[in-house]
Colleague: 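Right, I'll just put the structure down here and ask away after.
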Amino acid sequence: MNKKGFKEWLTDEDNMTRWKKFFVDGLQEKDYKLSDEDALAKVEGGAMKEWKKELTNFAKFILPQWKNVMVYHDVKEDLEGAKIFYIGDGEGDNFYYINNLYRTEKF
C-alpha cells in the first residue's frame, strides 16, 4: 500500500459501510436486546462521527511520516481487512493498528 492507496482506503465508501457494520455488531454484542435499527441509530447518532474524527487524526499523524511506514496486512493479504502500521525511525520502532477493525473469536 502506498500513500495514495492509504488515503483511498481511508475514504472508500465500501470500507465506511463495512466499518459502520462493525460498530453496529459491537453494540449488539454488548447489548443483545438492541435491535439492528436502534444500534444503527446510535452509530449514526455519534459513535461513527467520533470514530471518523479519530481516524482523521491518525491519518494526520501517519502521513507526514510515510517514508518510514510499512503496512502489514492479515495472513490472507486481504486489502479490506485489518492492517498494522509500522513506523521505524531514529527514535524507535512503533506498531499501530485501528482497534475497531479487528475481530476476535470468543471461546
Side-chain angles (χ1 to χ4, degrees):
M1 175 184 288
N2 59 21
K3 193 173 187 177
K4 182 181 176 187
F6 174 70
K7 291 177 185 178
E8 290 171 358
W9 177 75
L10 287 176
T11 58
D12 182 74
E13 282 302 315
D14 290 339
N15 285 341
M16 289 297 170
T17 300
R18 185 178 314 101
W19 297 339
K20 187 182 292 186
K21 184 174 179 345
F22 288 167
F23 269 98
V24 169
D25 292 347
L27 287 174
Q28 289 178 317
E29 283 177 15
K30 291 178 185 172
D31 182 359
Y32 68 92
K33 295 180 181 179
L34 200 61
S35 71
D36 289 345
E37 295 81 19
D38 291 341
L40 184 60
K42 284 186 175 188
V43 168
E44 291 176 344
M48 188 72 177
K49 183 178 179 181
E50 183 63 30
W51 186 77
K52 285 165 94 173
K53 179 182 169 189
E54 292 303 318
L55 191 63
T56 301
N57 288 339
F58 177 68
K60 288 178 183 176
F61 163 74
I62 206 167
L63 285 171
Q65 304 178 70
W66 194 260
K67 66 179 183 231
N68 297 322
V69 172
M70 292 179 72
V71 181
Y72 294 92
H73 302 278
D74 60 10
V75 287
K76 297 178 184 174
E77 294 188 12
D78 178 11
L79 291 177
E80 298 172 351
K83 316 242 179 303
I84 295 177
F85 301 91
Y86 164 79
I87 301 176
D89 56 20
E91 297 179 16
D93 298 317
N94 298 289
F95 287 92
Y96 300 92
Y97 66 96
I98 301 171
N99 189 41
N100 286 356
L101 302 185
Y102 279 87
R103 291 288 173 252
T104 57
E105 296 296 320
K106 295 179 182 175
F107 298 98

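The analysis underlying the following values was restricted to heavy atoms, covering all of them including side chains, and did not include hydrogens, waters or symmetry mates.
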Colleague: Indicate yes or no: at least one non-hydrogen side-chain atom of Leu63 is less than 4.5 angstrom from one of Lys7.
Modeller: yes
Colleague: Between Asp12 and Asn15, what is the shortest heavy-atom contact and its length?
Modeller: OD2-N, 3.0 Å
Colleague: Assess whether side chain to side chain contact (heavy atoms under 4.5 Å, CB included) is satisfied between Trp51 and Glu54, documenting all intermediate values.
Modeller: CA-CA 5 Å; Trp51 186 77; Glu54 292 303 318; 5.6 Å; no
Colleague: With a 4.5 Å limit on heavy-atom distance, are the side chains of Val71 and Trp9 in contact?
Modeller: no
Colleague: Can you name the nearest heavy-atom pair linking Ile62 to Val69, along with the distance?
Modeller: CG1-CG2, 3.8 Å
Colleague: Restricting to non-hydrogen atoms, name the atom on Ala59 and the atom on Leu10 that form the minimum distance, rounded to 0.1 Å.
Modeller: CB-CD1, 3.5 Å
Colleague: What orientation do Phe95 and Tyr72 show, parallel under 30°, tilted 30 to 60°, or perpendicular over 60°?
Modeller: tilted
Colleague: I need the minimum non-hydrogen distance between Ile87 and Gln65, along with the two atoms involved.
Modeller: CG2-OE1, 3.5 Å
Colleague: Measure the CD-CG distance between Glu91 and Asn68 for me, rounded to the nearest 0.5 Å.
Modeller: 10.0 Å
Colleague: I'd like to know if Lys21 pairs up with Asp25 as an ion pair, taking the criterion as any Lys NZ or Arg NE/NH1/NH2 lying under 4.0 Å from an Asp or Glu carboxylate oxygen.
Modeller: yes
Colleague: Within the 4.5 Å heavy-atom criterion, are Trp19 and Leu55 side-chain neighbours or not?
Modeller: yes
Colleague: Going by ring pair (Phe, Tyr, Trp, His ring centres under 6.0 Å), Phe61 matches just one of Tyr96, Trp66, Phe85. Which one?
Modeller: Tyr96
Colleague: Which pair of heavy atoms, one from Ala39 and one from Leu27, lies closest together, and at what distance?
Modeller: O-CD1, 3.7 Å
Colleague: Between Lys4 and Glu8, is the side chain to side chain contact (heavy atoms under 4.5 Å, CB included) condition met? List the steps.
Modeller: CA-CA 6 Å; Lys4 182 181 176 187; Glu8 290 171 358; 3.1 Å; yes
Colleague: If we only count heavy atoms from C-beta on, is the Lys20 to Phe23 side-chain gap below 4.5 Å?
Modeller: no
